[in-house]
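Right, one structure below, let's go through it.
Read the numbers this way: they start at 1 and go in the same order the structure lists the ligands and their atoms. As a basis for the values below, the full set of heavy atoms in this structure was taken, side chains included, without hydrogen atoms, waters or symmetry mates. Here the structure is a predicted model, which is why all the values come from computation and not from measurement.
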Amino acid sequence: MSESLAGKAAALDAADELAAARKLFALDEAVYLDGNSLGALPAHVPARVADVVTRQWGELRIRSWDESGWWTAPERIGDRIAPLVGAAPGQVVVGDSTSVNVFKAVVGAVRLVDDPARTDVLVDAGTFPTDGYIAESAARMTGKQLVLVDPADLPAALGPTTAVALLNHVDYRSGRLHDLPGLTAAIHDAGALAVWDLCHSAGALPVGLDEHGVDLAVGCTYKYLNGGPGSPAYLYVAERHQAGFDSPLPGWNSHTDPFAMTLGYEAAPGAVRGRVGTPDILSMLALEASLDVWDGVSIDAVRAKSLALTDFFLECVEAYVPAGSVTSLTPAAHAERGSQVALRCEDAPRVMRELIGRGVIGDLRRPDVLRFGFTPLYVGFGDVERAARVLSEVLRG
Ligand SMILES: Cc1ncc(COP(=O)(O)O)c(C=O)c1O
């Protein structure tokens with residue numbers, strides 16, 4: 001059995017049109033299945049960051065705000081991310097954390113709706129916690145209430161009191177992919193606005209923000225976009241909403257003429273309106289450099305490989321691990337699967353510790369979930385077969 005799956009892995013790797021991308025990353029012998037938490041380092045980034053530090057900062061100093069393009073980096077890098085999430089230029093701005101952008105997006109959406117009869121901010125019940133905490137505070141500050149809803153029940157929960165729905169595109173725990181086109185349409189049919197958190201989907205699968213009429217979206221850049229630890233997040237405000245987008249954090253960087261230093265705030269047009277204060281240039285330019293790995297890459301090819309990787313992992317797990325020792329929380333249907341596999345098992349903390357000790361890097365979601373993220377740009381089918389084989393060894397003790 002093991003030989004036939006190893007052979008299948010070799011054949012799949014040989015036919016993999018994205019296989020060459022792996023050499024763009026600094027990787028070692030370990031099987032790195034934690035790119036859904038922290039993407040691997042693209043190998044060219046250290047030299048680019050060194051240039052930013054030693055030449056742009058060290059030599060050009062203040063001149064770099066203009067001459068090295070520091071000032072316009074948030075919108076320039078936003079336009080590099082835009083095609084990866086299906087957005088036309090001018091709608092994505094990079095900066096701050098996902099948490100902060102959730103705040104801007106939810107308050108901004110409530111203000112766009114501007115209807116006192118619409119009292120509810122719906123959030124998916126399995127949300128990554130920060131979204132729920134911030135949406136609750138945003139709801140309270142805008143005189144609304146938070147309503148937690150299972151995404152499966154969302155269509156029934158929507159109605160004339162719904163102002164905004166904030167949803168995670170992929171559930172961080174189970175890897176379930178939610179139906180962004182269908183749910184966005186249902187939210188619009190109810191007269192509300194849709195805000196999506198793309199942390200676990202951007203860079204792993206096509207999102208289609210413009211195509212599906214999403215209103216606002218946020219996402220991080222340190223997972224499948226490989227921007228580095230704590231790299232800045234992004235905010236998408238659909239063009240049709242930009243003129244009415246009233247940011248709850250109207251910092252001087254989003255002023256129409258920041259250097260006029262006027263007391264009165266006048267919001268800049270376009271994506272820039274989502275900016276707040278001075279951007280974190282070192283992280284931002286590390287992110288910009290890391291985005292080079294996407295040159296010439298089709299997100300559809302990424303999605304096809306992602307599904308093949310997760311299918312193959314589930315096949316190997318099924319074949320190798322003792323029956324009944326793990327249960328997959330990840331949907332079998334492709335239409336409902338992101339780019340990770342979550343396995344529930346007994347003694348999960350020990351199992352993950354031992355996996356990591358044997359060079360298979362995943363992570364743990366307490367109390368009993370093993371998460372394995374599959375980044376199509378650098379994970380191969382041989383890695384997948386090895387990960388499942390080592391998992392079975394660990395489970396067999
Ligand atoms: C879905 C989702 N939203 C938000 C966050 C975290 O946001 P921040 O970068 O502000 O910590 C994460 C982090 O893993 C996440 O998975």
Check whether the side chains of D120 and T162 place a donor and an acceptor atom closer than 3.5 Å, and report yes or no. no

Is the Lys NZ or Arg CZ of R275 less than 6.0 Å from the centre of W71's six-membered ring, within 45° of the axis? yes

Trace of the side-chain contact (heavy atoms from CB on, under 4.5 Å) decision for L193 with I187: CA-CA 6 Å; L193 294 186; I187 293 163; 5.6 Å; no

Protein heavy atom at shortest distance from atom 9 (O) of ligand 1: Y222 OH, 2.6 Å

Counting only heavy atoms closer than 4.0 Å, does ligand 1 sit against the backbone of T98, its side chain, both, or neither? both

Just to confirm my output: which protein heavy-atom neighbour is closest to atom 16 (O) of ligand 1, and how far is it? H200 NE2, 2.9 Å

For S64 against W57, the heavy-atom pair lying closest together: OG-N, 4.5 Å

For atom 3 (N) of ligand 1, what is the closest protein heavy atom, and at what distance to 0.1 Å? D197 OD2, 2.7 Å

Tell me whether the rings of W65 and W70 are parallel (<30°), tilted (30 to 60°) or perpendicular (>60°). perpendicular

What atoms in ligand 1 come closer than 4.0 Å to a heavy atom of N168? 1 (C)

May I ask you to decide if the ring planes of F313 and F374 are parallel, tilted or perpendicular, using 30° and 60° as cut-offs? tilted

State yes or no: are the ring centers of Y236 and W196 separated by less than 6.0 Å? no

Mode of T127 contact toward ligand 1 - side chain, backbone, both, neither (heavy atoms, under 4.0 Å): neither

Pull out every atom of ligand 1 sitting under 4.0 Å from any heavy atom of S97, numbered as shown with elements. 10 (O)

I need the nearest protein heavy-atom contact for atom 14 (O) of ligand 1: residue, atom name and distance, please. K223 NZ, 2.7 Å

Could you tell me the residue and atom name of the protein heavy atom closest to atom 10 (O) of ligand 1, and the distance to it rounded to 0.1 Å? S99 OG, 2.6 Å

Counting heavy atoms under 4.0 Å, the part of D131 that contacts ligand 1 is side chain

